[in-house]
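Below is one structure, written out as C-alpha cells; comments come after it.
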Amino acid sequence: MPHPLRCTDLVVSNGVVIVTTKKGTTGKPSFSFSQYYGVQTIEKKLDIMNSAEWIDYATEAINKKWVALAPGNSASDSYAVRANYFGLANTTDYNLANINYMIDPRWGTNQVANIDWQDEFYHPAAIQSYQLSVRGGNKNVKYAISGAYFDQEGLAINTGFNRFNLSATIDVNLSDKWKAGIALRPSYSQSYGATVDGKDNLAHKMLSMVPIAELNAGLYTNFWKNTRYRWAGSTQSPIGLMEQTTNDTNEFRLLSSLYVSYDILPTLNLKISGGATNNFNLNNGYTPTFDLITNIPGQVSIASRRTVNYNRYLGEGLLSYKESFGDHNVNAIAGYSAENYRTTTQYNRNKGFPNDDLKTFNFTQSASVLNSEYTASEWMLISMFGRVNYDYKKKYMLSTSIRRDGSSRFGWNNLWGTFAAFGAGWKADQEDFLKDIKWLNNLKFRYSWGENGNNSIGDYRAFGTLSGGNYSFGGNLSNGLIPNTIANPNLTWEKTQSSDFGFELGLFNRIDFTADYYIKKTKDLLLEEPIALVSGYSTIWRNVGSVQNKGLELELSTKNLVGAFRWNTSANIAFNNNKVLQLGNNNKSIPTGFSESTNIIQVGQELNAFYLYEAIGVLSTADINNTSVAKTAGAIAGDVKYLDANGDGVIDEKDRHIIGGPTPDYYWGITNTFSYKGFDLSVFFQGQKGGYSYALLGRAIDRPGMGTTTNVMGNWANRWRSDEDPGDGKTPRLDGTTGGLLDTRWLYDATYIQLKNVTLGYNFDKELSDKLKISNLRIYVSLENVWRKDHYYGGYNPESVQSDGTDYGAYPNAKVYMMGLNFNF
C-alpha cells in the first residue's frame with residue numbers, strides 16, 4: 001500500500017509526476033546493448049467439450065425432444081425413420097435435416113471434420129526486443145541517447161504489436177549557477193488484429209463453436225461461400241474472422257521536457273520546467289462481407305476510422321533549499337504546477353461498398369453512414385505544494401508536507417482540496433548504547449500520517465450534460481438536445497488518510513527485515529449512486545461514503561550462503577482487510593458488477609462484495625415432490641438447487657446474499673538467487689490466498705437450456721441425467737430452467753501459486769571481455785509463467801479480473817521461453 005512520506009522524494013499526488021531518466025556521464029562515449037528473443041505459448045486451455053463429448057451432449061438433447069414429440073417415438077429410431085416422419089424424400093441431404101429431432105449419422109466418423117478450435121485459434125508466437133544506448137559528455141555537456149525496437153506476435157492468430165522508440169537527454173552547465181536540459185522521447189507503435197478478449201468478442205465466439213464442421217468447409221465453416229454446419233449455430237468461422245478482419249492501430253507519441261535551473265545561493269535553487277505529452281492515435285477497421293451465399297462482395301462490409309489526439313501540458317516551478325548546521329540537516333522544497341489535458345476523438349463508420357478489393361474506401365462511396373461523431377474533452381489541475389525534511393545526526397528524522405490541488409473535474413463549489421502529511425523516523429542503531437553491537441547493523445522505527453486526494457472519475461461528471469434527441473416541431477421530428485445527466489456542483493475530492501507504523505531490522509549484515517502496519521480510510525467516495533427513477537434519471541455522481549483498509553506488510557531478505565557459492569532469498573507477504581464504513585445519508589447499498597447484479601457495495605462488507613444466489617447442488621425428483629424443499633418457480637428435477645437464505649421456502653430475489661469478495665486475504669512472493677563463479681540462477685514464486693473471482697465468460701458458455709448449437713464447458717460431460725445418474729452433483733440437466741440466474745457456480749476461489757520466472761545467466765570473465773573489447777558480457781535464458789496451480793476454470797487468466805472481481809474473457813497468459821544477451825562497449 002502506498003503511504004505518504006514513505007519515499008525520500010516529494011510525495012506527489014493527483015497528477016503531478018516528476019519523471020527521472022538516465023543522464024549522461026563525463027568521459028568517452030559508453031555504449032550498451034541488450035537483446036532478447038523468445039517464444040510464447042498459451043499458459044492453459046479452457047476446459048470445453050471435445051467432439052465426442054459434444055456429440056453425447058447433443059444426442060441426449062435431440063433424443064429427448066424426439067421421444068417427447070409423438071407417442072411411439074424411441075431414442076433408438078434411425079435417421080431414416082425420423083426423416084420419413086418429417087417427409088424428407090432425400091435422406092442424404094443433411095442440410096434438410098430438422099436438427100431439433102434428427103441426429104447426424106456421420107457423428108463419430110471421418111465424414112465430418114473434428115476441430116479443436118482453441119488449438120487453431122492460439123498458436124506459438126515470437127517476442128523480441130533490441131536496445132542500444134550511448135552516454136557521454138564533458139564537464140559542461142552531458143548526453144544520453146538510446147533507441148529500442150520491440151516486436152510481439154499475439155497468441156491469437158493474425159494479431160501482434162510492435163514499437164520503435166528513441167530517447168535523448170542533454171544537460172548543459174551554462175555557468176557556475178545556470179543549468180539547462182532537454183529531453184525528447186518519441187515512439188511509434190503498431191498493433192493489428194481483431195479484438196479477441198471481452199464480451200461477445202472472438203475468443204468468446206471461438207469457445208462457443210461446435211467442434212464439428214463439414215469436411216469441405218473445415219476451419220472456414222459458415223464463411224465466404226461455405227454453408228454452416230447444420231447442427232451448429234450461426235457464428236461464422238473465428239479463424240476466417242481473425243484472418244480477414246482489419247483492425248490496425250498506429251500511434252505516435254512524443255514526451256518532451258525542458259528545464260532551466262539557477263542557483264540563487266549555494267543552498268537555494270530555482271528550477272523552472274515544462275513538459276508535454278502528445279499522442280496521435282489512428283485506428284482503421286474493415287470487416288468484409290463474409291457471407292457470400294446471400295450477399296455480394298462489399299454489400300454489407302463495414303469500414304471504420306477513429307482518430308484520437310491526446311495532449312497533456314505541464315508547467316512547474318520548484319524552489320529547493322538544502323543546508324546543514326552542524327549535526328542538523330534541512331532540505332525543503334516549494335512548488336507550483338499547472339497541467340492541462342485535452343482529448344479529441346473523431347469516429348466514422350460506414351456500411352456497404354462497391355467491393356472488398358480494397359480495405360479502405362472513400363466513405364462517400366458507402367451505402368449508409370452508421371456513425372459520424374466528433375467529441376472533445378478537457379480538464380485542468382493546478383497544484384501548490386511544499387515539503388520540509390529535517391534530521392539530526394542522521395538519527396532523528398522529521399518530515400512534513402502540504403499541497404493544495406484544484407481540479408476542473410469537480411463542481412464549482414468544491415474545486416479545491418488541501419492535503420497534508422508528516423512523518424518521523426528514529427535510527428535506533430546509531431544510539432551510543434547500541435552502535436557498538438556488531439551483529440546489529442540496522443534498527444529503525446518509522447511513523448507517518450498523510451492525506452491525499454483522488455479525482456479519477458472521468459470528465460464532466462459534476463456537470464449536467466446533454467445528448468442528442470428528437471423533438472416534435474410542427475408535426476415533424478426535429479433534431480435537438482436533451483439533458484442526460486444531473487449536475488452536482490458539490491462533487492469534490494475523494495480523500496484518503498493513511499497512517500503507517502514501520503519497523504526495520506538488520507542483523508549480521510545478512511538479514512534484513514521490514515514490517516509495516518497501516519490503517520487507511522477513504523472518505524467522500526466518488527461513486528455513481530442510484531436515485532429514484534421519478535427524477536427522470538437513474539444515477540448521479542456523488543461523494544457517498546467511506547471505506548477502511550487495514551493491513552500488514554512484511555519483507556525479509558537473507559544472505560543464506562556467502563563465498564564462492566552464494567544464495568540469497570527475498571520474500572514478502574501483504575495482508576489487507578477491506579470494509580465499507582458508510583454510504584450516503586441512509587447507508588443504502590449500491591449494486592455493482594455485471595449488469596449491476598453480481599456485486600454490491602454495502603456497509604459492513606468488503607467493497608464490491610459478491611451478491612449472488614448460492615448453488616448447493618442439483619434438485620432430485622424427491623426434492624421436486626417435497627414441498628419443504630425451496631425451489632424456483634417452475635423448477636424441474638435436475639435443476640440447480642439453491643440455498644434458501646431467508647428461510648421462506650421459496651427461491652427468489654430475496655435469497656441472494658453476500659458470499660465473500662474479490663480481495664485476497666494476502667499476497668506473497670519469494671525469490672531465491674544462486675550464484676557460482678560466472679553463473680547465476682533466479683527462481684521467483686508468487687501467489688495469493690483467498691478472495692473470489694467471478695467468471696462471466698464461463699457463465700456465457702455454461703448455462704443450462706442454451707441448446708446444442710454451441711459448445712459448452714467440459715463439466716457438462718458430468719451433468720445430471722437422472723436420479724440414478726446424477727453426475728458430479730453440481731452440474732444440472734442440459735434442458736434446465738435456471739440458466740438466467742447469476743449464482744455461485746461461476747464463483748471461484750482466487751487462491752493460486754505460480755512459478756512466475758526462472759532465469760539462468762552467465763557473466764563472462766573480464767579476460768574474454770577484454771579480448772572482445774566489450775565489458776559486462778552476459779547471456780541468459782529465462783522462462784516466464786512456468787507453472788501455476790489455481791482453482792479457476794471459467795476463464796484464462798485469474799490475475800486479469802476487474803476491480804469488482806469479474807472476468808469476461810481476459811486474454812490468456814503466455815508461457816515465454818526466452819534467451820537474451822547484454823554487453824557494454
Side-chain angles (χ1 to χ4, degrees), residues 1-11 20 322-331 387-401 421-450 498-519 551-575 666-686 757 759 761 763 776:
M1 291 289 179
H3 302 287
L5 303 177
R6 286 283 299 277
C7 301
T8 56
D9 296 326
L10 173 67
V11 175
T20 59
K322 187 174 183 179
E323 182 64 280
S324 295
F325 308 93
D327 293 328
H328 303 271
N329 303 289
V330 177
N331 68 72
R387 185 207 66 200
V388 177
N389 284 345
Y390 164 80
D391 75 75
Y392 174 66
K393 293 186 176 182
K394 305 294 183 181
K395 184 166 52 175
Y396 308 108
M397 293 154 282
L398 293 172
S399 181
T400 184
S401 69
F422 70 88
W426 174 34
K427 283 278 291 178
D429 60 297
Q430 298 300 308
E431 297 289 354
D432 291 339
F433 59 88
L434 290 177
K435 67 181 181 180
D436 291 332
I437 299 177
K438 303 300 182 183
W439 50 265
L440 181 67
N441 54 281
N442 182 30
L443 179 61
K444 182 178 181 180
F445 298 92
R446 294 181 277 102
Y447 173 75
S448 66
W449 176 94
S498 301
S499 295
D500 180 85
F501 304 85
F503 168 76
E504 298 175 15
L505 177 66
L507 302 173
F508 308 105
N509 287 310
R510 293 178 63 172
I511 300 173
D512 292 296
F513 176 73
T514 302
D516 283 278
Y517 174 74
Y518 62 85
I519 302 174
L552 177 66
E553 298 174 345
L554 305 174
E555 296 182 17
L556 177 67
S557 297
T558 61
K559 298 177 181 178
N560 307 316
L561 295 175
V562 296
F565 180 79
R566 296 187 297 277
W567 171 25
N568 296 338
T569 299
S570 177
N572 64 80
I573 188 169
F575 302 85
Y666 59 85
Y667 303 90
W668 61 271
I670 183 168
T671 301
N672 282 285
T673 303
F674 309 89
S675 59
Y676 178 71
K677 295 186 177 179
F679 291 95
D680 60 79
L681 173 66
S682 173
V683 182
F684 172 44
F685 283 89
Q686 70 174 29
N757 178 270
T759 300
N763 300 280
N776 300 321

Salt bridge (Lys or Arg N to Asp or Glu O under 4.0 Å) partners of D436, counting only residues at least two apart: none

Distance (rounded to the nearest 0.5 Å) between W449 CH2 and I519 CD1: 13.5 Å

Residue list, side-chain contact (heavy atoms from CB on, under 4.5 Å) with K559, at least two apart or on another chain: R510, V562, N568

Residues which pass ring pair (Phe, Tyr, Trp, His ring centres under 6.0 Å) with F685, listed by chain and number, not counting sequence neighbours: none

Residues which pass salt bridge (Lys or Arg N to Asp or Glu O under 4.0 Å) with K435, listed by chain and number, not counting sequence neighbours: D432

Trace of the side-chain contact (heavy atoms from CB on, under 4.5 Å) decision for T514 with R446: CA-CA 11 Å; T514 302; R446 294 181 277 102; 3.7 Å; yes

Under the side chain to side chain donor-acceptor pair (under 3.5 Å) test, residues paired with R566 that sit two or more places apart: S675

Set of salt bridge (Lys or Arg N to Asp or Glu O under 4.0 Å) partners for K427, sequence neighbours left out: D429

I511 CD1 to L556 CG distance, which is reported to the nearest 0.5 Å: 7.5 Å

Exercise: identify the closest heavy-atom pair between S682 and T671: OG-CG2, 3.7 Å

Distance in Å, D391 CG paired with N389 CG, rounded so as to fall on 0.5 Å steps: 8.5 Å

Check: W668 main-chain N/O paired with N572 side-chain donor or acceptor under 3.5 Å: no

Straight-line distance of E323 CD to N329 CG, nearest 0.5 Å: 9.5 Å

Plane angle bin for Y666 and F575 - parallel if under 30°, tilted between 30 and 60°, otherwise perpendicular: tilted

Closest heavy-atom pair and its distance - F445, A428: CE1-CB, 4.0 Å

Side-chain H-bond candidate by donor/acceptor type, D500 with S498, under 3.5 Å: no

Contacts of type side-chain contact (heavy atoms from CB on, under 4.5 Å), residue D327, not counting sequence neighbours: Y392, K393

Set of residues satisfying ring pair (Phe, Tyr, Trp, His ring centres under 6.0 Å) with respect to Y667, sequence neighbours excluded: none

Salt bridge (charged side-chain N to carboxylate O under 4.0 Å, His left out): pairs with one or both residues in residues 671-683, sequence neighbours excluded: D680-R778

Residues in side chain to side chain donor-acceptor pair (under 3.5 Å) contact with Y390, at least two apart in sequence or another chain: H328

Minimum heavy-atom distance A515-L554, with the two atoms named: CB-CD2, 3.5 Å

Pair I573-I670, side-chain contact (heavy atoms from CB on, under 4.5 Å): steps then yes or no: CA-CA 9 Å; I573 188 169; I670 183 168; over 6 Å; no

Contacts of W426 that satisfy side chain to side chain donor-acceptor pair (under 3.5 Å) - sequence neighbours left out: E431

Closest heavy-atom pair and its distance - S499, Y447: OG-OH, 3.6 Å

Enclosure of F565 CZ (heavy-atom neighbours >12, cutoff 6.0 Å): yes

Straight-line distance of F513 CZ to L443 CG, nearest 0.5 Å: 12.0 Å

Point-to-point distance, once rounded to the nearest 0.5 Å, from OH of Y518 to OG of S448: 13.0 Å

Test item: D512 side-chain N/O and S557 main-chain N/O as donor-acceptor pair under 3.5 Å: no

Non-neighbouring partners of T558 that pass side chain to side chain donor-acceptor pair (under 3.5 Å), sequence neighbours left out: N560

Non-hydrogen atoms of D516 and G502 that approach each other most closely: OD1-CA, 3.4 Å

CH2/W567: more than 12 non-hydrogen atoms of other groups inside 6.0 Å: no

